[in-house]
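Since this is a predicted model, take the numbers as computed values, not measurements.
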Amino acid sequence: MGQVSGAVSQQQRRERIRQAVLADGTVRIERLVEEYGVSGMTIHRDLDVLERQGWLRKVRGGATSTPGSLLPRSVGARRSDAAEAKSRIARHALRHLSPGQVVALDDSTSGLAVAERLGELAPLTVVTNFLPVINRLREEDGVHVIGLGGDFHPGYDAFFGLHAAEMAGALRSDVLLLSATAVVDGHCLHRSLESVQVKRALMRTAATRVLLADRSKFERRAVHELAPLTEFDLVVVDPATPRPVLDELRERGVAVEVAEA
């Protein structure tokens with residue numbers, strides 16, 4: 001492949017490299033040098049940054065994809081993962097919402113499961129950076145949607161970046177419903193630093209913070225710290241969550257509710 005046409009920013013180049021690793025499973029440094037018209041040292045720095053973020057693993061002469069727990073999956077795949085548990089959690093979460101509120105939803109499919117039911121509580125205002133939520137609610141009577149603009153990331157179907165975080169920080173919500181990739185040792189972790197930036201901004205401006213966590217969240221690992229569980233007013237889990245996990249959460253002083261089966 002020849003050199004790409006037109007100027008490509010550092011951010012664009014790294015995003016394209018990330019997408020290439022996701023698509024092909026591997027990239028070669030010499031080919032990236034040829035494609036982007038930059039030095040080998042520059043590509044090495046790009047790969048170093050992407051490796052620290054958990055997107056890939058550097059190997060001799062290039063990089064390969066990392067274990068699936070650190071990589072984004074399509075929204076469809078994420079929705080099908082623990083779908084029944086997310087549905088139960090969403091139904092339970094509705095108990096903590098009331099008509100007339102401003103509800104914030106993050107870029108999680110757990111939040112999307114809540115969005116599927118928000119028409120029952122109209123009128124509502126919904127703040128989100130997740131395109132599937134926007135699309136789901138755009139024609140819902142009585143639901144006013146405020147989309148957080150910014151840099152669109154196709155891998156997550158969501159808007160991230162400084163503009164999205166600044167807009168999130170300027171809006172006040174009554175209740176924030178969000179999820180994370182993993183819960184480890186009393187802390188929420190996420191695979192994407194960009195997502196963490198917006199989630200933290202939403203947390204800072206929410207009157208009530210609710211974490212939606214199906215049992216799979218307690219079985220995974222992730223790279224980036226989002227927040228300790230004690231920063232949430234409530235954690236809603238599904239009935240299949242093991243008793244030792246529930247006991248540990250409560251011992252940490254975390255308010256936990258188990259969604260009904």
Side-chain angles (χ1 to χ4, degrees), residues 9-23 25 27 46-58 63-82 86 104-113 127-134 147-169 176-184 187-204 209 211-214 216-229 231-232:
S9 70
Q10 179 187 79
Q11 180 180 357
Q12 290 172 323
R13 185 178 64 247
R14 290 175 179 173
E15 174 63 16
R16 292 180 184 181
I17 293 172
R18 183 183 73 83
Q19 293 288 352
V21 173
L22 291 176
V27 291
D46 290 342
L47 297 181
D48 286 339
V49 169
L50 293 171
E51 183 175 48
R52 287 196 299 271
Q53 294 176 347
W55 296 115
L56 52 78
R57 180 171 62 87
K58 286 186 71 177
T64 63
S65 60
T66 54
S69 62
L70 299 181
L71 296 174
R73 294 170 296 157
S74 70
V75 172
R78 288 160 54 199
R79 290 186 71 174
S80 63
D81 184 21
K86 290 174 182 176
L105 299 175
D106 68 344
D107 59 299
S108 68
T109 51
S110 295
L112 179 57
V127 175
T128 187
N129 65 319
F130 198 24
L131 186 58
V133 169
I134 295 172
L148 303 177
D151 297 321
F152 182 68
H153 287 232
Y156 289 98
D157 222 1
F159 296 90
F160 299 133
L162 180 61
H163 295 301
E166 286 183 343
M167 189 173 180
L176 165 64
L177 300 161
L178 60 73
S179 189
T181 301
V183 178
V184 181
H187 291 261
C188 292
L189 307 174
H190 204 276
R191 63 171 61 91
S192 164
L193 185 60
E194 293 88 348
S195 182
V196 166
Q197 183 182 31
V198 177
K199 289 175 190 279
R200 285 178 178 168
L202 289 169
M203 289 181 67
R204 285 194 296 270
R209 307 163 181 170
L211 178 70
L212 311 176
D214 64 81
S216 69
K217 309 302 182 184
F218 303 97
E219 301 169 348
R220 296 176 177 169
R221 311 288 297 186
V223 178
H224 304 289
E225 168 95 15
L226 171 59
L229 289 176
E231 290 193 12
F232 293 91

Answer whether the closest heavy-atom distance between the side chains of L189 and R221 falls below 4.5 Å.
no

Rounding to 0.5 Å, atoms CG (L50) and CG (L56) come to a distance of 5.0 Å

Is there a side-chain contact between V198 and D106 in this structure, where contact means two heavy atoms from C-beta onward sitting under 4.5 Å apart?
no

Going from CG on L202 to CG on L177, what distance comes out if it is rounded to the nearest 0.5 angstrom?
11.0 Å

For residues A113 and K86, report the shortest heavy-atom separation together with the two atoms involved.
CB-O, 3.9 Å

For the pair L212 and S108, evaluate side chain to side chain contact (heavy atoms under 4.5 Å, CB included) and give the outcome as yes or no after the intermediate values.
CA-CA 9 Å; L212 311 176; S108 68; 5.5 Å; no

Would you give the length of the straight line joining atom CG of L105 to atom OG of S179, rounded to the nearest 0.5 angstrom?
11.5 Å

Hits for side chain to side chain contact (heavy atoms under 4.5 Å, CB included) against M203, two or more places apart or cross-chain, chain-then-number order -> L176, L178, R209, L226, A227, E231, F232

Tell me, do K217 and T181 make a side-chain contact under 4.5 Å, heavy atoms counted?
no

F218/V184 under side chain to side chain contact (heavy atoms under 4.5 Å, CB included): CA gap, chis, key distance, verdict:
CA-CA 7 Å; F218 303 97; V184 181; over 6 Å; no

To the closest 0.5 Å, what do you measure between CZ (F160) and CZ (F152)?
9.5 Å

Just wondering, do D157 and F130 contact through their side chains at under 4.5 Å, heavy atoms?
yes

Heavy-atom nearest pair, S195 first then D107, reads OG-OD1, 2.9 Å

Output for pair (L162 CG, D151 CG), nearest 0.5 Å, gives 9.0 Å

Find the distance between NE2 (H224) and CG (L193) and round it off to the nearest 0.5 Å.
5.0 Å

Taking all non-hydrogen atoms of both residues, which atom of P228 and which atom of E225 are closest, and how far apart?
N-OE2, 3.8 Å

Distance-only donor-acceptor check, side chains E194 and S192, under 3.5 Å:
yes

I need the single residue from Q10, R16, R18 that forms a side-chain contact (heavy atoms from CB on, under 4.5 Å) with R14. Which is it?
Q10

Which heavy atom of D46 sits nearest to which heavy atom of R13, and what is that distance?
OD2-NE, 2.5 Å

